[in-house]
Amino acid sequence: MKQQKVWWQPLAVLAVLAASLLLLYYGDNKYQTPPPYGDSGVLALSEQNLERNNPVFLIDGWLLSDVRTENKPTYIGEFSNLQRGQLVVLPHGKARYQLTLRYDGVPKTVSVDFPQLSTQYAVFLDGNESARGIGNGRITFLLTPGDHVLVVETLSQMGYYSGMYFPPALGTDETIQRVENIQSFAYALAFLMPLALAAFTLFLWRAGGKLSRWFGLLCCCYALYMFRYFVFLFSMPAAQYWFLIQNLALYGLCFCVVKLTVLASDAWSRWQGIKIVLIVLPVLLFLLSLLIPVLPWAVFVHGSLTDIYYIITFGTAVFFAVQGITAQSWESRYTLMGCVVFGAGLFANLFFSNRFEPIRFFWQFEWCGLLLVLLFAAMMVSYNRRILRENDALTNHLEEQVKERTREVSQLLDERKAFFSDMAHDLKAPVFATQSFIQAIRRSGVGVDMELQGYLDLAEAKQREMARRLQGLSAINALDRIEGERIRVSLKDLLAEIYATYHGEAEVQSVYFYVEPPQQDAFFMAQPEKLDILFENLIYNALRATPDNGNIILAAETLHGKIRVTLEDSGCGIPEDELPHIFRRFYVGTNNRENGTGLGLYIVHSIVTELGGTISVQSVVDRGTKFTMEFPRSI
């Protein structure tokens with residue numbers, strides 16, 4: 001990663017963000033709207049004032065009365081609570097705001113919108129009560145020429161806002177509704193988009209691990225904070241307590257920013273100490289929020305500690321973002337830009353306090369919060385794209401390795417086949433020559449005493465064992481040489497072919513050979529040559545074991561997704577202690593010691609397994625043996 005590229009991007013974001021914040025300050029700010037302005041309790045209005053696109057914001061000229069003052073001139077937003085800077089006075093209580101609307105023009109139906117009244121309120125017009133409640137308020141009336149006295153009475157008992165803190169808006173009903181619709185749409189988008197990102201992250205980007213989880217939590221915290229607009233818009237019962245939830249959402253958002261920056265920086269060793277501060281301080285702030293109604297100084301301390309918490313959070317995020325750059329972390333460009341946005345939001349929150357309130361969209365630090373969410377969303381997209389590229393590269397590498405290993409194994413198997421084939425061919429001559437020499441010595445009888453006769457018997461037994469093993473080796477080589485793809489085999493045709501091949505030999509041995517095909521034909525995938533070897537071994541074993549007038553029954557049936565084939569004889573059977581071993585290579589049972597190779601059933605088991613099937617055996621001595629095979633059925 002090039003260092004200049006890392007620093008260039010945050011500087012560009014800072015420049016664009018500064019220009020955007022200034023544009024918002026002058027273009028979407030209630031405090032930057034043109035006249036009329038109130039003065040000494042009177043606001044003079046003309047018909048032209050009510051015909052413009054923006055409402056008239058009732059900021060200046062109000063007269064404030066409470067337990068400590070009477071008709072004090074003030075503007076809305078000058079004081080966030082009724083302390084008005086005196087920390088020994090409780091911030092809550094009753095307040096009365098009065099403004100005379102002096103209108104010179106034709107009668108018009110107008111509305112006055114009172115946003116985010118977190119206190120209980122009552123609105124009076126010309127001495128008559130027009131509205132009462134908690135949250136947003138609105139009154140509509142006919143504005144006629146002359147003076148109209150507008151009075152707002154508030155009663156606050158908790159929270160850090162008391163009285164009327166957000167300027168009301170006056171205009172035609174269409175103008176007020178249009179502004180509210182734009183702002184409602186903007187807040188709905190800012191609320192739903194982070195929730196969608198959180199759901200997408202937590203359910204589809206789970207491979208991101210901790211990074212995904214903390215990004216999802218960041219989105220949830222921001223969405224929860226932005227939901228406050230609808231709490232006041234619809235005058236929900238929780239409006240006067242919402243400041244507690246709003247605080248928790250902000251603390252959580254700040255913590256998530258730092259956590260994501262730490263995860264991106266790989267500087268875990270320095271995280272544990274600062275983590276305690278970032279957890280303990282919000283807990284203290286939350287406890288202070290609960291004490292605001294009873295301790296006069298709690299509001300001031302809460303506000304100061306909140307600013308300190310934001311500064312600590314910002315400094316921590318910057319520290320770990322720089323650590324990420326030092327460690328050449330790929331996420332460092334996102335975390336550094338996030339710190340720029342975080343700092344811009346913090347600056348806007350401190351510098352523009354009581355100087356900015358949006359007309360149609362968000363507060364400046366809310367814009368920064370949304371941009372922060374989008375930045376980390378871009379980081380998650382980049383992260384997942386990088387993971388996918390790495391997975392693709394790893395998959396391709398593994399595929400190449402598998403192909404190489406497969407080629408090596410295939411080559412090794414071919415060499416093994418060639419070796420065993422050559423060995424079987426080269427051993428035939430000496431093995432059978434040895435048998436000839438033994439027989440020649442026996443026929444001559446020269447010098448053959450009892451001791452030599454014993455040695456000859458032992459040599460002949462070993463020679464027969466060698467011949468048996470050599471015969472088995474030849475059989476395995478013949479099986480290995482069968483190549484080619486599997487084809488679709490008809491079960492009925494296979495049974496008919498087997499019957500045509502072996503019923504003659506069975507008749508010669510006075511054995512009854514029966515075939516019971518399935519009622520409905522079925523198919524499976526196999527190599528016909530290997531099927532010939534499979535049934536040849538099974539049927540010849542059965543013929544050797546079955547006495548005269550005995551029976552051999554070859555039957556088949558179709559099951560759900562499988563084909564079952566059974567071969568049952570009425571022969572000598574297999575002892576119970578030998579049944580677990582009959583499929584082992586070179587195992588020869590008691591009934592087959594003289595001429596068995598120990599490979600027939602081993603080959604049968606190998607072929608059945610290769611076809612994806614299973615084979616089992618049931619046998620009772622002197623009553624017969626039954627082999628059961630199941631194969632996957634083909635469509």
Side-chain angles (χ1 to χ4, degrees), residues 468 471-472 475 479 489-519 522 524 526 528-559 562-611 613-631:
R468 184 173 66 85
Q471 184 181 355
L479 185 65
V489 177
S490 165
L491 185 58
K492 281 190 173 182
D493 291 347
L494 175 64
L495 295 183
E497 182 180 342
I498 292 173
Y499 180 77
T501 302
Y502 297 105
H503 83 281
E505 294 188 44
E507 287 181 359
V508 171
Q509 297 185 31
S510 301
V511 173
Y512 298 99
F513 182 45
Y514 302 98
V515 172
E516 297 177 359
Q519 296 180 353
F524 64 107
E529 296 88 346
K530 290 188 177 181
L531 290 178
D532 292 341
I533 295 174
L534 186 154
F535 287 102
E536 177 184 347
N537 279 281
L538 284 178
I539 292 174
Y540 278 134
N541 283 351
L543 287 173
R544 283 195 295 268
T546 305
D548 293 349
N549 299 317
N551 300 318
I552 298 176
I553 302 173
L554 179 63
E557 60 180 331
T558 57
L559 305 172
K562 292 183 179 180
I563 292 173
R564 177 178 292 169
V565 180
T566 59
L567 182 69
E568 185 175 3
D569 64 58
S570 57
C572 60
I574 303 172
E576 184 177 357
D577 60 334
E578 294 183 5
L579 286 176
H581 311 292
I582 62 173
F583 295 119
R584 283 170 44 191
R585 184 173 53 185
F586 297 125
Y587 179 80
V588 179
T590 306
N591 300 325
N592 205 21
R593 289 285 169 82
E594 293 298 324
N595 53 8
T597 64
L599 285 172
L601 292 179
Y602 167 76
I603 291 174
V604 167
H605 183 272
S606 299
I607 295 174
V608 171
T609 304
E610 182 183 340
L611 296 178
T614 59
I615 183 170
S616 59
V617 60
Q618 296 172 317
S619 185
V620 179
V621 175
D622 296 331
R623 295 183 60 182
T625 302
K626 181 179 181 180
F627 288 92
T628 302
M629 295 168 286
E630 290 185 353
F631 301 97

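- Not a single salt bridge (charged side-chain N to carboxylate O under 4.0 Å, His left out) links Glu568 to another residue, sequence neighbours left out.
- Here the straight-line distance linking atom CE of Met629 with atom OG of Ser616 works out to 9.5 Å at 0.5 Å rounding.
- A 4.5 Å side-chain heavy-atom check between Leu611 and Leu531 finds at least one atom pair inside the cut-off.
- With sequence neighbours left out, the ring pair (Phe, Tyr, Trp, His ring centres under 6.0 Å) criterion links Phe631 to Phe524.
- Atoms CG and CG, from Leu543 and Asp569 in turn, are 9.0 Å apart once rounded to the nearest 0.5 Å.
- In this structure the side chain of Pro518 never reaches within 4.5 angstrom of the side chain of Ile563, judged on heavy atoms.
- Take Val617 and apply the side chain to side chain contact (heavy atoms under 4.5 Å, CB included) test, not counting sequence neighbours, and it matches Leu579, Ile582, Phe583, Thr625, Phe627.
- Inter-residue side-chain proximity for Val620 and Ile574 is flagged as unmet; no heavy-atom pair is nearer than 4.5 Å.
- Under the side chain to side chain contact (heavy atoms under 4.5 Å, CB included) criterion, Thr609 pairs with His605, not counting sequence neighbours.
- To the nearest 0.5 angstrom, Lys530 atom NZ is 11.0 Å from Ile603 atom CD1.
- Atom NZ of Lys626 has 12 or fewer neighbouring heavy atoms from other residues, nucleotides or ligands inside a 6.0 Å radius.
- Taking both residues in full, the closest heavy atoms of Pro547 and Ser570 are given as CD-O, 3.9 Å, listed atom of the first, atom of the second, then distance.
- For the atom pair CG of Asn537 and CG of Asp532, the computed distance is 11.0 Å after rounding to the nearest 0.5 Å.
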Could you tabulate the donor-acceptor pairs under 3.5 Å formed by side-chain atoms of residues 502-516, not counting sequence neighbours?
residue, atom, partner, partner atom, Å
His503, ND1, Tyr499, O, 3.0
Glu505, OE1, Tyr540, OH, 3.0
Glu505, OE2, Tyr540, OH, 2.8

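- Without hydrogens or angle criteria, Ser619 side chain to Gly624 main chain gives a donor-acceptor distance under 3.5 Å.
- With sequence neighbours excluded, the residues that form a salt bridge (charged side-chain N to carboxylate O under 4.0 Å, His left out) with Lys562 are Glu630.
- Interatomic distance, Ile607 CD1 to Leu538 CG, rounded to the nearest 0.5 Å: 9.0 Å.
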Would you be so kind as to tabulate the donor-acceptor pairs closer than 3.5 Å made by side chains of residues 550-559, with sequence neighbours excluded?
none

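- To the nearest 0.5 Å, atoms CD (Glu578) and CZ (Arg584) are separated by 11.0 Å.
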